[in-house]
Colleague: 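After the structure tokens below, expect a handful of questions from me.
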Amino acid sequence: MEIKQVQEIINKIADKIIENKDYLTELDRSIGDADHGSNMAKGFKFTKDAIEGDFEDYKTLFNKVATTLLSKVGGASGPLYGSFFMKFAASLKDISDLDRDTLNKAFASGLEGVKQRGKAEVGDKTMVDVLEPVADALNEGKTYDEVIKVAEEAMNKTKDIKANKGRASYVGERSIGHIDPGAASSYIMIKTGLGEIND
């Protein structure tokens with residue numbers, strides 16, 4: 001993919017997050033601070049502005065995404081998504097073609113960034129519950145449509161999990177029965193991004 005194509009995909013992800021602002025807020029109202037939707041929408045509005053123009057390479061582009069999310073998204077989401085894209089960007093050093101193998105490695109690096117920052121594992125009811133199965137599915141060579149399905153199933157599974165990390169952990173057993181907002185925003189981003197790429 002050319003850099004311009006990747007910029008277009010990032011813009012579409014941003015639009016979809018902004019479009020789902022109220023949905024993400026409702027999810028967060030049940031088990032958090034009711035600010036996930038507004039924080040994410042605000043951050044991605046800034047991201048759209050930040051990635052206008054030309055970028056010399058993928059690393060610079062995704063670093064811009066990372067630093068914008070880190071500085072503009074409030075709550076825990078900014079540092080976590082910022083860490084994802086910072087590690088994603090770092091893996092693209094000296095890469096001139098964002099092919100499937102490169103994307104797989106970059107996504108796995110992003111996952112590690114989130115886990116290092118948030119100290120969460122699968123089963124803690126966080127975005128990791130979506131990101132890790134997706135990283136595994138990508139590495140297994142599943143089609144992008146299959147990976148999107150894995151992400152959707154993983155997001156829905158968070159409804160049955162008691163939160164062990166983040167704000168949702170404060171409500172204990174009452175977190176069961178609700179989809180994790182971070183898992184939902186991760187799914188939206190994965191569905192939108194991979195949905196724009198041909199296998």
Side-chain angles (χ1 to χ4, degrees), residues 1-55 58 60-89 98 103 106-107 110-111 113-114 117-118 125-131 134 144-145 147-152 154-156 158-159 166-168 178-197:
M1 283 186 292
E2 294 180 0
I3 290 179
K4 282 292 180 191
Q5 288 175 281
V6 176
Q7 284 173 275
E8 287 172 17
I9 291 171
I10 295 168
N11 275 319
K12 285 179 178 175
I13 289 171
D15 288 339
K16 195 56 75 170
I17 289 290
I18 294 164
E19 181 186 315
N20 281 277
K21 173 184 170 183
D22 291 343
Y23 166 65
L24 293 172
T25 294
E26 280 307 307
L27 291 179
D28 200 31
R29 181 169 282 118
S30 301
I31 57 175
D33 293 334
D35 61 358
H36 188 63
S38 57
N39 283 342
M40 291 293 287
K42 181 181 79 170
F44 274 98
K45 279 177 187 169
F46 279 109
T47 299
K48 287 187 72 170
D49 293 337
I51 65 166
E52 284 183 0
D54 297 324
F55 286 83
Y58 299 107
T60 307
L61 172 62
F62 281 103
N63 263 332
K64 179 59 76 172
V65 173
T67 55
T68 304
L69 294 178
L70 275 167
S71 63
K72 300 298 184 184
V73 178
S77 303
L80 291 169
Y81 277 118
S83 296
F84 177 89
F85 284 108
M86 194 71 75
K87 289 286 191 180
F88 191 103
L98 190 54
L103 176 65
F107 195 96
L111 165 65
V114 171
R117 174 63 73 118
K125 197 183 184 94
T126 71
M127 63 177 70
V128 171
D129 285 286
V130 169
L131 297 179
V134 166
Y144 289 143
D145 283 345
V147 174
I148 290 167
K149 188 71 178 167
V150 166
E152 182 178 19
M155 173 191 71
N156 286 326
T158 65
K159 187 184 284 189
R167 183 76 182 178
H178 302 282
I179 289 172
D180 178 70
S185 57
S186 294
Y187 165 66
I188 290 167
M189 293 165 68
I190 290 159
K191 181 184 179 185
T192 306
L194 294 185
E196 291 293 322
I197 309 172

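It should be emphasised that the depicted structure is a prediction, and the values quoted were computed from it without experimental measurement. For this chain, numbers begin at 1 and follow the sequence in order.
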Colleague: So which pairs with a foot in residues 38-53 pass salt bridge (charged side-chain N to carboxylate O under 4.0 Å, His left out), sequence neighbours left out?
Modeller: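 Qualifying pairs, neighbours excluded: D15-K48.
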Colleague: List the residues meeting side chain to side chain donor-acceptor pair (under 3.5 Å) with Q7, not counting sequence neighbours, and say none if there are none.
Modeller: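 Scan of Q7 (side chain to side chain donor-acceptor pair (under 3.5 Å), adjacent residues dropped) gives none.
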Colleague: Can you tell me how far the CG atom of D35 sits from the OG atom of S77, to the nearest 0.5 Å?
Modeller: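 Those atoms lie 7.5 Å apart.
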Colleague: Go through the steps to decide whether L69 and T47 satisfy the test side chain to side chain contact (heavy atoms under 4.5 Å, CB included), and finish with yes or no.
Modeller: CA-CA 7 Å; L69 294 178; T47 299; 3.5 Å; yes
Colleague: Partners of E19 by side chain to side chain contact (heavy atoms under 4.5 Å, CB included), sequence neighbours excluded?
Modeller: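 E19 satisfies side chain to side chain contact (heavy atoms under 4.5 Å, CB included) with K16 once adjacent residues are dropped.
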Colleague: Not counting sequence neighbours, which residues clear side chain to side chain contact (heavy atoms under 4.5 Å, CB included) with A41? List them please.
Modeller: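 A41 satisfies side chain to side chain contact (heavy atoms under 4.5 Å, CB included) with I18, K21 only.
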Colleague: Nearest heavy-atom pair of K87 and G113: which atoms, and what distance?
Modeller: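 In this case the closest contact between K87 and G113 is CG-CA, 3.5 Å.
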Colleague: N11: what forms a side chain to side chain donor-acceptor pair (under 3.5 Å) with it, not counting sequence neighbours?
Modeller: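 So N11 forms no side chain to side chain donor-acceptor pair (under 3.5 Å) with any residue.
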Colleague: Please name the pair of heavy atoms, one in P79 and one in L70, separated by the smallest distance, quoted to 0.1 Å.
Modeller: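 Where P79 meets L70 most closely, the heavy atoms are CA-CD2, 3.6 Å.
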Colleague: Rounded to the nearest 0.5 Å, what separates atom OG1 in T60 from atom CD1 in I51?
Modeller: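 Between T60 OG1 and I51 CD1, I get 13.0 Å after rounding to 0.5 Å.
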Colleague: Show every ring-ring contact (aromatic ring centres under 6.0 Å, His included) that has at least one partner inside residues 64-85, sequence neighbours left out.
Modeller: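 Residue pairs passing ring-ring contact (aromatic ring centres under 6.0 Å, His included), neighbours aside: F84-F88, F84-F107.
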Colleague: Tell me every residue that passes side chain to side chain donor-acceptor pair (under 3.5 Å) with S38, counting only those two or more places apart in sequence or in another chain.
Modeller: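 S38 satisfies side chain to side chain donor-acceptor pair (under 3.5 Å) with no residue once adjacent residues are dropped.
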Colleague: Where is the tightest heavy-atom contact between V134 and A151, given as atom of each residue plus distance?
Modeller: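 Where V134 meets A151 most closely, the heavy atoms are CG2-CB, 3.6 Å.
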Colleague: Does the side chain of L61 come within less than 4.5 Å of V6's, by heavy atoms?
Modeller: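 Yes, their side chains come closer than 4.5 Å.
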Colleague: Would you say the side chain of V73 lies within less than 4.5 Å of the side chain of F44, judging by non-hydrogen atoms?
Modeller: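 Counting from C-beta outward, F44 and V73 never come under 4.5 Å.
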Colleague: Could you tell me which non-hydrogen atom of A154 sits nearest to which non-hydrogen atom of D129, and how far apart they are?
Modeller: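 Taking every non-hydrogen atom into account, CB-O, 3.3 Å.
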Colleague: Go through the structure and list residues passing side chain to side chain contact (heavy atoms under 4.5 Å, CB included) with T67, not counting sequence neighbours.
Modeller: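 Applying side chain to side chain contact (heavy atoms under 4.5 Å, CB included) to T67 gives K64, M86.
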Colleague: Just to verify, what does K159 make a salt bridge (charged side-chain N to carboxylate O under 4.0 Å, His left out) with, not counting sequence neighbours?
Modeller: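 For K159, no residue satisfies salt bridge (charged side-chain N to carboxylate O under 4.0 Å, His left out) once neighbours in sequence are set aside.
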Colleague: Could you pull out every donor-acceptor pair under 3.5 Å between side chains of residues 187-196 and any protein atom, sequence neighbours left out?
Modeller:
from : atom 1 : to   : atom 2 : distance (Å)
T192 : OG1    : I188 : O      : 2.7
E196 : OE1    : K12  : NZ     : 3.1

Colleague: Give, for atom CD1 of I10 and atom CD1 of I3, the distance between the pair rounded to the nearest 0.5 Å.
Modeller: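 Separation between the atoms: 10.0 Å.
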Colleague: Working to the nearest 0.5 Å, report the span between OG1 of T68 and CZ of F46.
Modeller: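 Rounded to the nearest 0.5 Å, the OG1-CZ separation comes to 9.5 Å.
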Colleague: With sequence neighbours left out, what residues match S30 under side chain to side chain contact (heavy atoms under 4.5 Å, CB included)?
Modeller: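 In terms of side chain to side chain contact (heavy atoms under 4.5 Å, CB included), with neighbours along the sequence ignored, S30 is linked to H178.
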Colleague: Once side chain to side chain donor-acceptor pair (under 3.5 Å) is applied, do any residues pair with D28, and if so which ones, sequence neighbours excluded?
Modeller: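 With sequence neighbours excluded, D28 shows a side chain to side chain donor-acceptor pair (under 3.5 Å) to no residue whatsoever.
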Colleague: Say whether, by atom type as modelled, one donor and one acceptor occur between the side chain of Q5 and the main chain of E2 under 3.5 angstrom.
Modeller: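 Yes: the side chain of Q5 pairs with the backbone of E2.
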Colleague: Carefully, step by step, assess L27 and H36 under the rule side chain to side chain contact (heavy atoms under 4.5 Å, CB included).
Modeller: CA-CA 8 Å; L27 291 179; H36 188 63; over 6 Å; no
Colleague: Check step by step if side chain to side chain contact (heavy atoms under 4.5 Å, CB included) holds for S186 and M155.
Modeller: CA-CA 8 Å; S186 294; M155 173 191 71; over 6 Å; no
Colleague: Test side chain to side chain contact (heavy atoms under 4.5 Å, CB included) on K125 and I31; report intermediate values, then the result.
Modeller: CA-CA 11 Å; K125 197 183 184 94; I31 57 175; 3.9 Å; yes
Colleague: Over all heavy atoms of both residues, which pair between D180 and T158 is shortest? Give the atoms and the distance, please.
Modeller: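 Shortest heavy-atom contact: N-OG1, 3.1 Å.
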